[in-house]
Structure formats: C-alpha cells, structure tokens
Amino acid sequence: MDILAGLNPEQIEAVTLPHHSALILAGAGSGKTRVLTSRIAYLIQKQGVSPHEILAVTFTNKAAKEMTARISAMLPINIRGMWIGTFHGLCNRMLRAHHREAGLPETFQIMDSADQLAMVKRIIKSLNLDDEKYPPKQLQHFINGQKEEGLRPHDVSVYDTFTRTQQEIFSAYEAQCNREGVVDFAELLLRSFELLKRNEILREHYQARFKHLLIDEFQDTNRLQYQWLKLLAGKNAAIFAVGDDDQSIYAFRGADTGNMRELERDFHIRDIIKLEQNYRSHGNILDAANALIRHNASRLGKNLWTSDARGEKLRFYQAPTDLQEAEYIVEEIRALHSDGVPLNDIALLYRSNAQSRVLEHALFNASLSYRVYGGLRFFERQEIKHALAYLRLVHNPDDDGALLRVINFPARGIGAKSIESLQADAHGSSLWSKARGKSRKLDEFANLIESMRQACSGAPLPETVETVIGMSGLKSHYLHEKDGEDRLENLDELVNAAATFESEGDPLVEFLSHAALEAGERQSGEGTDAVQLMTVHSAKGLEFHAVFVSGLEEGLFPHSNSRNEAGGIEEERRLMYVALTRARRRLYLSCAQSRMLHGQTNYNIPSRFLKEIPEELVQIIGIAAFGETPAPVSGKKSPWRIGANVFHPKFGEGVVLACEGIDQVQVNFRRAGTKWLALEYANLIAI
DNA sequence: TTTCGGCGACTTTTT
DNA sequence: GTCGCCGAAA
C-alpha cells in the first residue's frame with residue numbers, strides 16, 4: 001500500500017519531512033490524524049526507523065487507540081515496542097519501569113480527581129483548617145496548578161499568610177501521598193519530568209532511544225507537558241507536533257498555545273506547514289467559521305478552504321423561549337430524519353450541560369431517541385469505586401483513602417466517632433496500622449480485610465475481583481437495596497473487565513492503574529440510532545451531517561464568566577469555531593429571547609458571534625416576531641415588549657424584563673444591572 | 001447510624 | 001430546577 005496515495009501536496013510535505021522538528025498547523029477537518037499516522041508509517045516503512053525509536057503522544061485514550069488502530073491497519077508490524085499513548089499513560093509506563101529511581105514504591109497507585117479531592121479534604125481537616133476559607137476544590141486546583149508549573153511545595157513563593165497556608169496544605173498533601181504510596185495525575189507527569197531531569201543515565205538512555213516524538217493536539221499541552229517533551233527530545237530527536245491554535249479550548253485547564261511559539265524557537269523550526277484544505281464541510285460553513293475566527297487577534301493565521309460545493313446557507317432561528325427553541329430543533333430533526341439522515345449523524349450542541357434538559361425533554365416528547373454525552377463513567381460509579389477501594393486495600397492496606405471509603409460501607413457500625421479517634425491516633429502513620437485493638441467492630445473490619453488478602457493471594461485477577469465483591473458484602477448490600485440491580489450488573493461487568501484485562505506485570509496493580517487512567521466511556525447506549533447531545537467541548541474531533549448549535553445568547557455563549565477573564569472571549573470564540581466546523585452539510589444556529597436558567601427566567605440578547613458571521617451566508621428562519629412573546633405581565637399598552645433589546649443613553653444595552661402600566665419598564669442592562677425606568681424620563685431606543 | 005430536609009452552587013474536562 | 005453536601009433529628 002502506498003502511504004502517500006490520496007494525500008494532498010501539503011499533507012505529503014508534512015508526512016515526508018526530513019529529520020528535523022516541525023510544526024503542522026492542521027485546521028479542522030484537514031486530515032490531521034491521517035497525517036500523523038501516515039508520518040509514522042512513512043518513517044518505519046520508507047526511512048527504516050524502528051518502531052522502538054518512535055514515541056507518539058495524545059491527550060485522550062480514545063485518540064491513542066485510534067492512532068494505534070490506524071497504524072496497525074497500515075503496517076504489518078507489531079506496534080508493541082512503540083510508545084503510543086497519553087501523556088499520563090506514557091509517564092506511568094516510565095515510572096513503573098524506574099520506580100526505584102523515581103522514589104516510588106513498586107506498586108504505587110494512581111488517584112483520580114475524586115480520590116485527590118477526598119484526600120485534600122482530609123488534609124484540610126487534619127490541619128484543623130476552615131474549609132470555608134480554604135475550599136478543598138480550590139486547593140486541589142492550586143496543587144495541580146503548582147505541579148503543572150513544575151513546582152514543589154518548597155518552590156511556592158509565599159508572600160502572604162493565605163499562600164503560606166496553601167503551601168502548608170500542599171506540603172502535608174505530598175507527605176500523605178508518599179505515605180500511602182499514591183500519586184495523582186499531575187504527579188505522574190511531574191515525577192517523570194523530574195526523573196529525566198535528575199537522572200542523567202536515564203535521560204540519555206531515552207534521548208538516545210526516541211528519535212521521533214510525535215504529538216497530537218499540540219495546542220492543548222500545558223507547560224509541564226512541553227518541558228517533559230523537551231527533555232525527552234534532547235538535541236537529536238525530531239519533534240513532529242500537530243495542532244490547531246484556533247481549536248485551543250482548554251486554556252482554562254492550563255493548555256498554553258504559547259507552547260507553539262516556544263516550540264518554534266526551541267527547536268529552530270524552519271517552516272510551519274499549514275493544512276488548510278478541509279475535507280469535511282461545505283463552503284458556506286467554512287466561510288462562516290473563517291469569518292468568525294478572524295475576529296480573534298492572537299492567531300497564527302490560517303484559512304480553511306474546500307473544493308466542495310458552497311452548499312446550503314446556515315440557518316438561523318431566534319425563538320421567543322428556550323422551550324420554543326427546543327421545539328423548533330425537534331421539528332427540524334424530524335424533517336431531517338424523514339429525509340433519510342440517520343439520527344446519529346445529527347448533533348445537538350450547547351455550551352453548558354445545564355442546557356441539555358429542555359432539549360432532552362422536547363426530544364422525549366417527540367419520541368425521538370437521543371443520547372447524552374457526559375455524566376458518570378464506568379470506573380467513576382459508586383459501586384465500582386467501592387469495589388476498587390477494597391481491591392486497593394487488599395493490595396496495600398496503608399491506602400488511607402481506600403480504607404476510609406469502605407471502612408463503613410456496607411455499614412458495619414463504624415461511625416464518624418470511631419473514624420475520628422482512629423485518625424487522631426494514626427497521626428503520621430497509616431490508619432490500618434492503628435486499626436486493631438481499639439474496638440470489636442474495628443477488629444472485625446481488620447480481620448475481614450486480612451482474610452480477603454489471604455483469599456486473594458495467588459488468585460487470578462477476575463477471581464480476586466469476584467472474591468472481594470463477595471466477601472466485602474457489597475454484593476449482598478446491593479442485592480437488598482431496592483434499586484441495586486444496575487449496580488450489581490456493573491459489579492458483574494467489573495469482573496468481566498478483569499477477565500478480559502491483559503497485563504504484562506502484576507495484574508492487580510495494572511488493573512487498578514487502568515481504572516484510574518481510563519475511566520471508561522462517558523455515554524451509554526452506543527450503537528443505537530440516536531440524536532447526539534453534547535457540549536461543544538466534547539464535540540471536538542467529531543463531525544456530523546447536521547449540527548445544531550443552540551443557546552447562542554450573550555451570557556451563555558459566550559459564557560458570562562468568560563467576560564472577566566483575560567482572553568476569555570477569544571477562547572469562547574474558538575469554541576464557537578469548533579462548534580461550526582463540526583458540520584458537514586447543514587448547520588443550524590439558534591437562540592432564545594428568554595430562557596429558564598437556575599430556576600429563573602433570563603432575558604438575553606443574541607450572541608455577538610452571530611453578528612460575526614456574514615449575513616449572506618445565513619438564511620434567517622423566521623425571527624420570532626416580538627408580538628409572539630409572552631404577553632407582558634401587566635400593562636396592555638406598554639410600548640415595550642418583554643424581551644425587547646433596548647439602548648439607554650446612560651446604562652447602555654439591555655433587555656426588557658417587565659412592563660408596568662404604560663409608563664414603567666424593568667430593564668436588565670448588561671453593564672448596569674436590572675433597573676425600573678419611567679419611560680417619561682428614560683430615553684429608551686430599540687436596537 | 002441512618003435519614004431527611006434545607007441550603008448553596010451552578011462553564012467547559014482529560015488524565 | 002436539581003444535585004450534592006452538611007447538619008440535625010429519629
């Protein structure tokens with residue numbers, strides 16, 4: 001098979017680049033993954049590079065799997081020796097191999113975010129700090145932020161007592177992690193980074209080994225990830241970074257597009273290859289996306305084009321209420337479906353999860369099947385986390401987090417009091433080490449764990465899992481619980497997962513790491529023909545025949561919180577760009593004049609992003625006449641209608657919330673807030 | 001120890 | 001509007 005067949009000139013240039021570092025700016029739908037995998041195939045097949053010398057890194061397990069699958073389809077080689085995976089997966093692999101040099105116990109465990117938060121809470125309590133003043137979530141964010149900057153507690157610059165306390169919590173948190181032999185996600189990266197930095201032998205070993213580092217979604221890398229890559233690359237490796245600054249929508253979690261410019265500098269990149277030919281969308285859709293993103297000042301600059309037809313115009317619908325918006329969408333979905341578009345080729349996108357409810361409701365009433373992405377993943381479910389906690393205890397009873405999770409689940413009469421006194425006692429050592437000889441119930445628990453350990457020692461993984469689920473009492477607990485059937489099914493599924501799990505070393509350790517690193521699918525009911533509902537964030541990387549972008553209102557999209565953040569609006573605009581470029585053939589944009597949010601009705605003006613799309617690309621499907629808005633609460637003859645957009649010389653733009661009689665209106669001003677105005681004096685202008 | 005009710009939060013998300 | 005957490009009552 002010819003690797004280059006069917007590639008366009010720019011793609012071929014990227015795939016066949018000589019051995020020096022490169023940055024590939026790959027626009028939406030420009031065949032990014034294809035270029036990445038073709039590059040790997042080209043290196044191996046045409047350049048005689050050994051799979052052993054290649055490291056390819058992605059952000060998500062899904063992307064890593066897809067890359068692996070595509071490469072195996074292209075090359076008849078065993079890709080085992082290749083390091084393909086997520087940043088965290090590869091760091092985990094490295095740390096397992098060199099746990100001693102990294103200062104970790106051989107069978108260290110990985111905490112997911114929820115585990116981490118629980119530990120932060122414990123630390124704050126144990127330091128007798130007020131969790132109102134030191135919200136655990138915020139501290140978790142602080143700790144992760146520091147680690148992603150490569151900072152340890154002693155590196156934190158302390159300039160006030162608040163930061164001092166944060167640093168102390170960070171410090172205590174680290175001590176606790178070390179004591180329990182657990183690491184959080186950020187720690188995987190930081191440890192791996194420090195290992196390479198300090199250990200010259202290992203660093204040189206890996207630098208000599210990996211001649212090619214390929215990075216997917218480079219715009220999403222944070223500082224630490226970039227530093228890790230830089231260290232791994234050394235002087236001789238060639239970096240092949242693929243990314244799109246216009247699709248950077250994760251700055252809020254530390255992604256730094258500045259890394260693209262740093263890469264250019266650090267690796268003396270001569271030319272940036274731009275992949276601008278789009279194979280996904282019709283012309284009008286691309287023109288709209290291009291016009292929108294041009295409003296962003298900080299870009300590397302790129303313009304998508306297609307050889308495809310212009311296609312249909314975009315369709316815009318402004319509904320009086322969110323309910324009517326949903327009804328309109330449902331009607332259009334019906335029409336599309338009867339025209340033969342499969343439901344699962346239709347996506348309904350929104351900015352925030354809270355918006356899905358109205359849409360779900362309308363779809364449900366119309367008996368259209370739908371699937372909502374988001375929600376709990378398999379390994380995050382309560383019953384699964386409980387079972388995993390027992391497994392962790394079997395493996396390492398000093399894991400306080402696991403012990404606390406299940407010491408009284410199923411209930412065995414060990415309440416808050418007993419746990420508190422145990423914690424007071426343990427001070428500096430593990431809870432397990434102090435569990436015996438305090439009370440009959442605690443002894444019974446200790447005996448239970450001990451006998452579970454014995455029952456599991458030497459047993460194969462699936463049997464261990466089954467034993468633990470049985471002996472712990474989880475099974476009988478859910479058997480007696482009224483809605484426990486699903487949970488029991490999930491526990492069975494966990495045994496299945498263990499049975500099909502392939503490991504190279506200690507099966508239990510690897511299974512537990514797998515559970516933390518790969519929390520499983522976020523959706524259920526795969527395979528059925530159903531409309532896809534998701535946030536714009538989760539739609540990244542996907543494409544659909546028809547896409548509805550709903551809730552295009554100021555305050556929602558762009559989200560109001562983004563207005564005060566530096567670069568916030570630009571990130572929202574990139575998000576909008578991602579939303580638009582998901583559509584292949586048909587793109588609907590909609591908004592509502594009034595919307596139920598957080599239990600109260602809001603009146604918002606249409607999103608500024610709508611104005612940034614050239615009119616001639618858009619077909620306006622009946623802007624709801626103001627006459628159709630719900631009648632004003634009172635005042636039959638008020639000159640203003642609820643929901644009308646107005647301008648006040650002093651307060652600026654706003655929306656009419658209510659009318660009182662003929663001369664009073666309540667207006668929600670964007671800047672000045674909500675005010676009652678006497679029309680006799682206020683000079684309101686319609687906009 | 002469990003359960004129930006009140007209160008506050010509430011953008012996006014992967015590992 | 002709804003979820004989750006915390007504190008008080010059963």
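Atoms considered below: every heavy atom in the structure, side chains included; atoms not considered: hydrogens, waters and symmetry mates.
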Among all residues two or more places apart in sequence or in another chain, which pass the side chain to side chain contact (heavy atoms under 4.5 Å, CB included) test with Ala251(A)? Glu571(A)

In chain order, what residues pass the ring-ring contact (aromatic ring centres under 6.0 Å, His included) check against Tyr250(A), with sequence neighbours excluded? Phe252(A), His537(A)

Which residues satisfy the side chain to side chain contact (heavy atoms under 4.5 Å, CB included) test with Lys125(A), sequence neighbours excluded? none

Residues which pass ring-ring contact (aromatic ring centres under 6.0 Å, His included) with Phe409(A), listed by chain and number, not counting sequence neighbours: His386(A), His477(A)

Atom pairs under 3.5 Å: protein N/O with N/O of nucleotides 10-12 of chain B:
unit_1, atom_1, unit_2, atom_2, d
dT11(B), O4', His559(A), NE2, 3.2
dT11(B), O4, Glu565(A), OE2, 2.9
dT12(B), OP1, Asn353(A), N, 2.8
dT12(B), OP1, Asn353(A), ND2, 3.0
dT12(B), O4', Arg351(A), NH2, 3.0
dT12(B), O2, Arg351(A), NH2, 2.5

Quick test: give all pairs of protein nitrogen or oxygen and nucleotides 8-10 of chain C nitrogen or oxygen below 3.5 Å, distance rounded to 0.1 Å.
none

Pair listing, side chain to side chain donor-acceptor pair (under 3.5 Å) test, anchored in residues 82-95 of chain A, at least two apart: Asn92(A)-Arg96(A)

With a non-hydrogen cut-off below 4.0 angstrom, is Leu349(A) in contact with a base, only sugar-phosphate, or nothing? nothing

Comparing nearest nucleotides in DNA chain B, the 5'-proximal residue of the pair Ala519(A), Ala411(A) is Ala411(A)

For atom C1', what is the distance between dC3(C) and dT14(B), given to the nearest Å? 23 Å

Of all residues at least two apart in sequence or in a different chain, which pass the side chain to side chain contact (heavy atoms under 4.5 Å, CB included) check with Lys475(A)? Ile469(A), Leu488(A), Asp492(A)

Considering only the C1' atoms, how many Å lie between dT11(B) and dC6(C), rounded to the nearest integer? 25 Å

Provide the closest heavy-atom pair for Phe87(A) versus Ile215(A) in the form atom of the first, atom of the second, distance. CZ-CG2, 4.4 Å

Nearest-nucleotide pick for Arg253(A), side chain only, options being dG1(C), dT2(B), dT13(B): dT13(B)

Is the distance from OP1 or OP2 of dT13(B) to the nearest side-chain N or O of Arg377(A) less than 4.0 Å? no

Partner set under ring-ring contact (aromatic ring centres under 6.0 Å, His included) for Phe501(A), not counting sequence neighbours: Phe511(A), His514(A)

